[in-house]
Amino acid sequence: MDIIEKLNNNERLEFEDAVKLYDLELFELAEYANKIREEKHGKKTYFNINRHINPTNVCKDVCQFCAYSASRKNPNQYTMTHEQILDVVEHSKQNEIKEVHIVSAHNPNTGLQWYLDIFKKIKEKYPSIHVKALTAAEVHFLATQYNLTHEDIINKMLEHGVDSMPGGGAEIFDEKVRKRICGGKVTSDQWLNIHRLWHKSGKTSNATMLFGHIESRENRIDHMLRLRKLQDETGGFNAFIPLVYQTKNNYLKVKEAITGQEILKTYAIARILLDNISNIKAYWATSTVKLALVAQEFGANDLDGTIEKESIQSAAGAQSAHGVQVQEFVDYIKNTGFTPVERDSVYNELKTW
């Protein structure tokens, strides 16, 4: 049975067939991905009103793809105080944010309690704000630094008010590629198990994949299928977020940026393969707003949110430093023929614009 027949029969694809999807013509892929998108979500495109906070860029790791982290000798390193973070939340609360998304570098100087206390302070002062915080990479870093288990860190996160986990740190699961781009960081198996433990606690998370650097198409398919397998087990992933690699200011020195066509194919393939993850997010901070809007026709049903301020992707060249205004975001979606739906962090619908 050929790949088209399997697609028409809505068969679940395994590795060899999934790789063949990249050989299909772009708009043929779009047709299949959009059909699934419309079956799941119709013309709805989700977004949330959120604020990204990156409290420190001091990092013990030296990931080759990263332009954000600052080594000990970097003159531009920073670490925010709790008071500064709370000031940011207070300002953003006036903009009616529903979520704070807190991720940063692996700072060996701040201490575990520094992280935990700020989560608790935010929840105590702003109980209605959803705290999405600590990637699996950060969980592993803190566990290693304090000789604790992943379960220990997760329990502390829960005790201090963390509501959900972001999907960062996944990068690409293939360990050969991982050794080159982020050696020494959380392994793929550790990343998956941390999310497994988080899901078993009754909480949900997101999953990411960094693509467009030195990975192969086969690496991407392998990555998605490993996520699908864990989702079969736990059902805890809210969304899959393919992150487009940014080429500037890092050590990988990838000369040619990935093409828009390859990005759109990857979104479409994600929608086809990840039959058990409801939402595919075109994270505009890495793909650009324009391409994220096009991705709505290629299976993506979520564009993330307003962000307000973003430091990690913008350090590598993304045009995301200052976020997008809510009305601007809504107008973008409407102008492409989709229906903007404001959601909360776990995809409850709040308002149709």
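Numbers here are sequence positions counted from 1.
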Donor-acceptor pair between [X] and [Y] side chains, under 3.5 angstrom:
{"X": "Q327", "Y": "D331", "value": "yes"}
{"X": "K265", "Y": "T259", "value": "no"}
{"X": "Y347", "Y": "D302", "value": "yes"}
{"X": "Y126", "Y": "E90", "value": "yes"}
{"X": "T187", "Y": "E175", "value": "no"}
{"X": "N276", "Y": "Q231", "value": "no"}
{"X": "N95", "Y": "S92", "value": "no"}
{"X": "E328", "Y": "Y332", "value": "yes"}

Tell me, with the steps shown, if E171 and R178 meet salt bridge (charged side-chain N to carboxylate O under 4.0 Å, His left out).
-> CA-CA 8 Å; E171 321 315 355; R178 205 171 184 81; 5.6 Å; no

If you count heavy atoms of other groups shown closer than 6.0 angstrom to [atom1] of [X], is the number above 12?
{"X": "K121", "atom1": "NZ", "value": "yes"}
{"X": "D23", "atom1": "CG", "value": "yes"}
{"X": "E262", "atom1": "CD", "value": "yes"}

Residue pair [X] / [Y], side-chain heavy-atom distance below 4.5 Å:
{"X": "Y22", "Y": "I221", "result": "yes"}
{"X": "M157", "Y": "I153", "result": "yes"}
{"X": "L13", "Y": "L7", "result": "yes"}
{"X": "L116", "Y": "V162", "result": "no"}
{"X": "L21", "Y": "L273", "result": "yes"}
{"X": "M209", "Y": "L227", "result": "no"}
{"X": "I102", "Y": "I122", "result": "yes"}
{"X": "M165", "Y": "I194", "result": "yes"}

Checking salt bridge (charged side-chain N to carboxylate O under 4.0 Å, His left out) for the pair R228/E14: CA distance, chi angles, key distance, verdict?
-> CA-CA 11 Å; R228 189 177 76 180; E14 301 304 332; 3.1 Å; yes

For Y245 and T286, what are the C-alpha separation, side-chain angles and deciding distance, and is it a side-chain hydrogen bond (donor to acceptor under 3.5 Å, both in side chains)?
-> CA-CA 7 Å; Y245 164 75; T286 68; over 6 Å; no

From E83, H82, Q84, residue fulfilling side-chain contact (heavy atoms from CB on, under 4.5 Å) relative to M80 =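 So, applying the side-chain contact (heavy atoms from CB on, under 4.5 Å) to M80 and each of E83, H82, Q84, only Q84 qualifies.
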
With side chain to side chain contact (heavy atoms under 4.5 Å, CB included) as the test, would you mind laying out the steps for D174 and E215 before giving the verdict?
-> CA-CA 9 Å; D174 182 88; E215 91 292 346; over 6 Å; no

Check whether any side-chain N or O of [X] sits under 3.5 Å from a backbone N or O of [Y] as a donor-acceptor pair, and report yes or no.
{"X": "Q145", "Y": "P108", "value": "yes"}
{"X": "N279", "Y": "N238", "value": "yes"}
{"X": "D304", "Y": "Y283", "value": "no"}
{"X": "R37", "Y": "K40", "value": "no"}
{"X": "N48", "Y": "R343", "value": "no"}
{"X": "N54", "Y": "V103", "value": "yes"}
{"X": "Q296", "Y": "L293", "value": "yes"}

Taking it one step at a time, do H91 and V88 satisfy side chain to side chain contact (heavy atoms under 4.5 Å, CB included)?
-> CA-CA 5 Å; H91 175 270; V88 168; 5.9 Å; no

Verify whether the ring centers belonging to F329 and F47 lie closer than 6.0 Å.
->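 They qualify: ring centres under 6.0 Å apart.
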
For the ring pair H160 and Y115, is the centre-to-centre distance below 6.0 Å?
->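 Here the rings of Y115 and H160 have centres that are no less than 6.0 Å from each other.
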
If you measure from [atom1] on [X] to [atom2] on [Y], what distance do you get to the nearest 0.5 Å?
{"X": "W191", "Y": "R196", "atom1": "CH2", "atom2": "CZ", "result": "11.0 Å"}
{"X": "H223", "Y": "T208", "atom1": "NE2", "atom2": "OG1", "result": "6.0 Å"}
{"X": "L24", "Y": "I269", "atom1": "CG", "atom2": "CD1", "result": "7.5 Å"}
{"X": "I333", "Y": "W353", "atom1": "CD1", "atom2": "CH2", "result": "10.5 Å"}
{"X": "D275", "Y": "D232", "atom1": "CG", "atom2": "CG", "result": "7.0 Å"}
{"X": "F27", "Y": "F298", "atom1": "CZ", "atom2": "CZ", "result": "5.0 Å"}

Between Y267 and F211, what is the ring plane arrangement, given parallel below 30°, perpendicular above 60°, and tilted in between?
->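 The arrangement is perpendicular - the two ring planes meet at more than 60°.
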
Might you work through the side chain to side chain contact (heavy atoms under 4.5 Å, CB included) test for I172 and D222, ending with a clear yes or no?
-> CA-CA 9 Å; I172 259 311; D222 167 67; over 6 Å; no

Using 4.0 Å as the upper bound for N to carboxylate O, is an ion pair formed by E38 and K43?
->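 The answer is yes: the pair qualifies as a salt bridge.
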
Ion pair present between K20 and E16, side-chain N to carboxylate O less than 4.0 angstrom?
->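 Between E16 and K20 there is no salt bridge, as every charged N stays at least 4.0 Å from the carboxylate O atoms.
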
Show your working on side chain to side chain contact (heavy atoms under 4.5 Å, CB included) between R271 and F240 and close with a plain yes or no.
-> CA-CA 9 Å; R271 180 63 288 164; F240 175 62; over 6 Å; no

Given K35 and E39, is the salt bridge (charged side-chain N to carboxylate O under 4.0 Å, His left out) satisfied, shown in steps?
-> CA-CA 6 Å; K35 180 174 179 285; E39 285 171 355; 2.9 Å; yes

side-chain hydrogen bond (donor to acceptor under 3.5 Å, both in side chains) between D152 and T149: does it pass, once the steps are laid out?
-> CA-CA 5 Å; D152 291 334; T149 66; 3.1 Å; yes

